[in-house]
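Everything below concerns the one structure shown next.
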Amino acid sequence: MPELPEVETARALIEACALGRTIAAVDDGDTYVCRPHVPGDIASALVGHELTRAGRIGKSMWLETDGGDGPSLGLHLGMAGRIVVVGAEGAAESTAYGGDPMSPAEAKAAAATGAGAGGHPDPRLSGNPVWTRFALDFEDGGALLLFDKRRLGRAVLNPDLTHLGPDALLVSKAEFRARVGVGEAPLKARIMDQSVIAGVGNLLADEALWQARQPPLRPAGDLSGDELGALWTALRKATKAAMKRGGVHTGDVIDFRRRDAACPRCGAPMVKAAVGGRTTWWCSAEQAWPH
DNA sequence: AGCATTGTTTCACA
DNA sequence: TTGTGAAACAATGC
């Protein structure tokens, strides 16, 4: 699920619900999610510090402590992660991000079970593992949890984000043109390269290219300035629409990324190939390449 | 059983 | 230097 829109939603949730709270304990026992740290590393660095800011570039988040003077925590949702913030003990509300809606009671139950314990918060799934891979417990009794079925999410101290390009939602049109419209790599591979612009994943890339009627396989350096500007606009619109609607899977073309589907705009067959190492679907007429 | 999956990293190779 | 493809990572769903 998580591409830029989902991660921004998670960041905003943290900003709204977790800032100002002090860390009392940390569950950093998953040595894969917390690699290269060993259990206790993150805990001993963070306990006693107060969350003061939640930042994001592309799909990467970081939480600052003590106004930037304390250690920071990097969070990445990987392929299937979601953030859950549990309210203070006794508070009525809890908030969840991503996946199926989770009631406050369910979120509390999930928090109570902790990592690796049995008992899914959803009664229909009771008996299944809970998928809590990392947790910050706050002094007020609440918590911030990283749920992740696939375990490809990350939690790490003082993350290095220098390899990332500018955030896909913050990059100016001029900079987008200069960074994306270069080289012989397929356009889709170029916009998904996190060092070029950060935040575009497989589904958002397919959606933006379809909206802009651009062929995924077209060399990025072939686009005109106007075409790059139109792609920048399409990408912004698709990203904002995904945030508003609740995820990249709500894009207009996403449901048509399947065999025997027709383009929902012109009716031509949708076609598939691997581009940039990822399964890619596009309209055989509007996005044909070469023309 | 086999294949695919919204992400990242690494490596062999052209 | 650039770019590609495949594999690995982990776990689930069809």
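Quick note: numbers below take in every heavy atom, side chains included, and nothing from hydrogens, waters or symmetry partners. The model shown is predicted, which means the values in this text are computed figures rather than measured ones. Here is the naming used below: chain letters follow the sequence lines, and residue numbers restart at 1 for every chain.
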Practice task
Check every strand shown and say whether A:Gly201 touches a base, only sugar-phosphate, or nothing at a heavy-atom separation below 4.0 Å.
Solution key: sugar-phosphate

Completion exercise
Applying side chain to side chain donor-acceptor pair (under 3.5 Å) to A:Glu50 and not counting sequence neighbours gives none

Exercise for the section: Would you please say whether a donor-acceptor pair under 3.5 Å links the side chains of A:Asp160 and A:Thr162? Expected result: yes

Got a list of side-chain donor-acceptor pairs under 3.5 Å for residues 267-283 of chain A, not counting sequence neighbours?
unit_1   : atom_1 : unit_2   : atom_2 : d
A:Thr280 : OG1    : A:Lys188 : NZ     : 2.7
A:Thr280 : OG1    : A:Arg278 : O      : 3.0

Practice task
May I ask you to list the residues of residues 149-158 of chain A, by number, that have any heavy atom positioned under 4.0 Å from an atom of DNA chain C?
Solution key: A:Lys149, A:Arg150, A:Arg151, A:Leu152

Exercise for the section: Measure the distance from CE on A:Met79 to P on C:dA8 and round it to the nearest whole Å. Expected result: 15 Å

Practice task
With sequence neighbours left out, write down each residue that passes side chain to side chain donor-acceptor pair (under 3.5 Å) with A:Asp28, or none if nothing qualifies.
Solution key: none

Exercise for the section: Would you please confirm or rule out a distance under 4.0 Å between OP1 or OP2 of C:dT12 and any side-chain N or O of A:Trp131? Expected result: yes

Problem - Runs of at least three Watson-Crick or G-U pairs with DNA chain B, cut-off 3.5 Å - result: B:2-5 with C:11-14, B:7-14 with C:2-9

Handout entry: salt bridge (Lys or Arg N to Asp or Glu O under 4.0 Å) partners of residues 216-225 of chain A, not counting sequence neighbours, each pair once
Key = A:Arg218-A:Glu227

Completion exercise
In numerical order, the residues of residues 176-193 of chain A whose heavy atoms come under 4.0 Å of DNA chain C are A:Gly183, A:Glu184, A:Ala185, A:Pro186

Problem - Distance test, side-chain N/O of A:Thr279 to OP1/OP2 of B:dT5, below 4.0 Å - result: yes

Problem - Residue pairs involving residues 34-49 of chain A (criterion side-chain hydrogen bond (donor to acceptor under 3.5 Å, both in side chains); sequence neighbours excluded) - result: A:His49-A:Asp66

Handout entry: Stacked cation flag A:Arg82 on A:Trp131, 6.0 angstrom / 45 deg
Key = no

Exercise for the section: Could you tell me which residues satisfy side chain to side chain donor-acceptor pair (under 3.5 Å) with A:Thr22, sequence neighbours excluded, listed by chain and number? Expected result: none

Fill in the blank from the handout: Rounded to whole Å, the CZ-P distance (A:Arg35 to B:dT8) equals 12 Å

Practice task
Report the residues that fulfil salt bridge (charged side-chain N to carboxylate O under 4.0 Å, His left out) with A:Arg236, sequence neighbours left out, ordered by chain and then residue number.
Solution key: none

Problem - A:His76 vs B:dG7: side-chain N/O to OP1/OP2 distance below 4.0 Å - result: no

Handout entry: Pairing residues for A:Arg56 by the side chain to side chain donor-acceptor pair (under 3.5 Å) criterion, not counting sequence neighbours
Key = A:Glu8, A:Asp167

Fill in the blank from the handout: Connected to A:Trp62, directly or through other members, by ILVMFWY side-chain contacts below 4.5 Å are A:Ile57, A:Leu161, A:Leu164

